[in-house]
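By convention in this document, chain letters (A, B, ...) are assigned in the order of the sequence lines, proteins followed by strands, and residues within each chain are numbered from 1. Only a predicted model underlies this, so the values are computations on that prediction, with no experimental measurement involved.
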Amino acid sequence: MQATSKGKMENISQEPKPQDQQNQPSTKIEIEAENLNFFYSQKQALYSINLKVPEKSITAFIGPSGCGKSTFLRTINRMNDIIPGTRVEGKVLLNNQNIYAPTVDVVDLRRRVGMVFQKSTPFPKSIFDNVAYGIKINKLSSSRAQLQQMVEQALEQAALWSEVKDRLNDSALALSGGQQQRLCIARTLAVMPEVILMDEPCSALDPIATEKIEELIVELREKYTVIIVTHNMQQASRVSDYTAFFLLGELIEFDETEKIFTYPKEKKTEDYITGRFG
Amino acid sequence: MEKKPLADTVVTDFSSILPPRKKSWLMSPSADSAFRYLTAGLAVFLLALVTALVVSMVYNSQLSLSRFGLSFVFSTTWDPVKEIFGALPFVYGTLVSSLIALIFAIPISLGVAIFLTEQCPYKLRPIVLTLVELLAAIPSVAYGLWGIFVLVPFMRNYINPFLEGTLGFLPLFKGPSYGIGLLTSGIILAVMIVPIITAIAVNSLTAVVPTQREAALALGATRWEAMQVVLLNARSGIIGGVILGLGRALGETMAVTMVIGNRPEIAVSLLAPAYTMASVIANEFTEATYDLYLHALIEIAILLFVITFIVQAMAQLLIRQISKGKTSYAKAN
């Protein structure tokens, strides 16, 4: 099941792409939203979003609470599907394949598009089993030794290995808040995703833990496409290559982070980042 | 006319506009301490009540306690005519019928709870939940009556012959069967404790933070795999529900008395009649014509009390063992 759907996606991504590269010439577009509308029952939460996120980059979504940035983030791995009464119009393309097409295997999609939540979400299992969980359910390892190696690698990548290597069998719930969040990142990395979505990953952490996560996010850019929702403007300017500003369900402006924070084109963006509202 | 400065119009002393507040006794410090003594007194009263209960039970069973000693618990003979009393058949009947009840009730309750929290259409959910809770409100004598007139004939005519026919080679399902017996009482008990376990399991499942499910789904879990993560989170609550159900099953008297057959014997077959501790007390206290008989019945009551207490204590330990580390989770968040 998994192998076939993956093969299909690779075929599609090799098809010639339409030459429409206004934002970023010479970089491959990983995620693209086309006229995306989103509804919670009757209430519309997103209004015709058009956005292209290049691969192996960090994109920050900023905007006041309730502007739709988290909703949009959750359309990229179809996490909104589990909320009853929600509806999507338009397309979200991942490597040029519409993830809302009826043939898409949602379970496989979510493995390819990992997600880290605002509050850390360790399972009530040991540290090892938390990281091994995704590997096991996706049957990514063929032996116990390989599983152990993959867990170690994921923890290394998440800069947590040295802190937990002597207590892998302890409950993950005994870790500190920052460690728990890095464990969740390790767990996400362990299933080898292409995209990592982060929904305010540092908002519940102290500055030191936040710094560690931010360093980690910057390192992740080498291998993954990262999208991070944040309320922290400094964080957006520190870590991201691109910034998207949302307001009342609309994408107001999307550009390189430097441009957004120095010469925003839109008055609303300027008002927001200078703290005039929000 | 000169305007008054604004500051003067600001009212700081409300006594001029509000009616003078009565100094009631309830606001005095002595009322405070009186309230404290009142609540402390009520708490002490409750403790004293339990102590008095235990003391009077022990006092009123001393004839039996001194005559049979520990052998009361292990003897299988219950013969009021010869004045020999042993409680083992009742202990056995109580434990086994409750165990049967759990075996049937746990999967059913969990299934219903998972259906209600996962699959059930949003509008149907409160209706089904109300129905489940309604089951818990039915008096046990009504269950017993239903047991006698519906369940017992059904067991006698269909289930028990089927069990004898297919599994009859096992001593556990050997005939003859009368419809009444351990299995039937276990089923009645299961019906009675399903609502309790279901209601608590639903509460525990809905109390699991939704991000646990989402985190599992985000790792590529199927709906069923994500459900397992949710169950893992809710397990201590679910076990608590099972223990409450077990507590009710152990102490249930009326419905069981009506369908278990009331024969103080330990039979291996689940189809054979048996007796429980609660049933023998309810059935025979009016017939206890001499003191030793009455004292033996009261000793059974003590035994039931002790067994229930042990089961509850073990359950508490189990839950504490399982939820280890949860406290640190709460702290970190």
Side-chain angles (χ1 to χ4, degrees), chain A residues 1-2 74 77-85 105-126 129-131 133-140 170-181 184 187-193 196-197 199 204-205, chain B residues 114-129 201 204-240 318-333:
Chain A
M1 183 75 177
Q2 204 178 301
R74 290 163 59 96
N77 67 347
R78 292 186 57 172
M79 197 52 85
N80 286 322
D81 287 17
I82 64 171
I83 303 169
D105 176 3
V106 183
V107 170
D108 188 55
L109 167 77
R110 291 194 184 128
R111 183 199 59 75
R112 295 167 61 208
V113 184
M115 191 167 201
V116 176
F117 297 83
Q118 179 175 5
K119 256 187 164 182
S120 59
T121 53
F123 300 140
K125 296 165 177 256
S126 71
D129 286 340
N130 260 277
V131 183
Y133 177 80
I135 305 174
K136 281 181 187 164
I137 58 169
N138 289 297
K139 300 189 177 64
L140 299 176
D170 286 9
S171 169
L173 305 178
L175 295 172
S176 74
Q179 287 173 325
Q180 287 188 4
Q181 195 60 297
C184 292
R187 195 170 64 181
T188 304
L189 298 178
V191 297
M192 303 188 284
I196 297 173
L197 310 174
D199 194 352
L205 302 178
Chain B
I114 290 173
F115 169 75
L116 281 175
T117 52
E118 286 283 303
Q119 272 112 4
C120 187
Y122 199 68
K123 282 178 184 163
L124 200 64
R125 198 169 140 179
I127 301 171
V128 179
L129 256 181
S204 319
L205 287 173
T206 44
V208 175
V209 285
T211 46
Q212 282 283 324
R213 182 197 318 272
E214 291 180 4
L217 290 173
L219 289 168
T222 60
R223 203 168 166 176
W224 168 237
E225 285 161 341
M227 183 66 230
Q228 286 172 306
V229 169
V230 175
L231 275 176
L232 193 67
N233 276 278
R235 67 201 192 284
S236 58
I238 291 172
I239 292 173
L318 184 70
I319 291 173
R320 207 168 297 174
Q321 196 68 31
I322 285 172
S323 47
K324 251 187 194 171
K326 269 224 170 129
T327 43
S328 53
Y329 179 54
K331 240 187 280 162
N333 285 273

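Listed by chain and number, the residues in a side chain to side chain contact (heavy atoms under 4.5 Å, CB included) with Ala216(B) are Phe123(A), Tyr133(A), Ala221(B), Ala226(B), Val229(B) (sequence neighbours excluded). Partners of Val107(A) according to the side chain to side chain contact (heavy atoms under 4.5 Å, CB included) rule, which considers only residues two or more places apart in sequence or in another chain, are Asp105(A), Thr222(B).
Under the side chain to side chain contact (heavy atoms under 4.5 Å, CB included) rule, Leu217(B) has a single partner from Asn77(A), Ile82(A), Asp81(A), which is Ile82(A). The side chain to side chain contact (heavy atoms under 4.5 Å, CB included) test with Leu219(B) singles out one residue from Arg187(A), Lys136(A), Arg110(A), Met115(A), and that residue is Arg187(A).
Within the 4.5 Å cutoff, side-chain heavy atoms of Leu232(B) are placed close to those of Lys125(A).
The heavy-atom pair separating Pro122(A) from Gln212(B) by the smallest distance is O-NE2, 2.8 Å.
Between chain A and the residues Arg223(B), Glu214(B), Glu225(B), the most heavy-atom pairs under 4.5 angstrom are made by Glu214(B).
Only the backbone of Val113(A) comes within contact range of chain B, with at least one heavy atom under 4.5 Å from a heavy atom of that chain.
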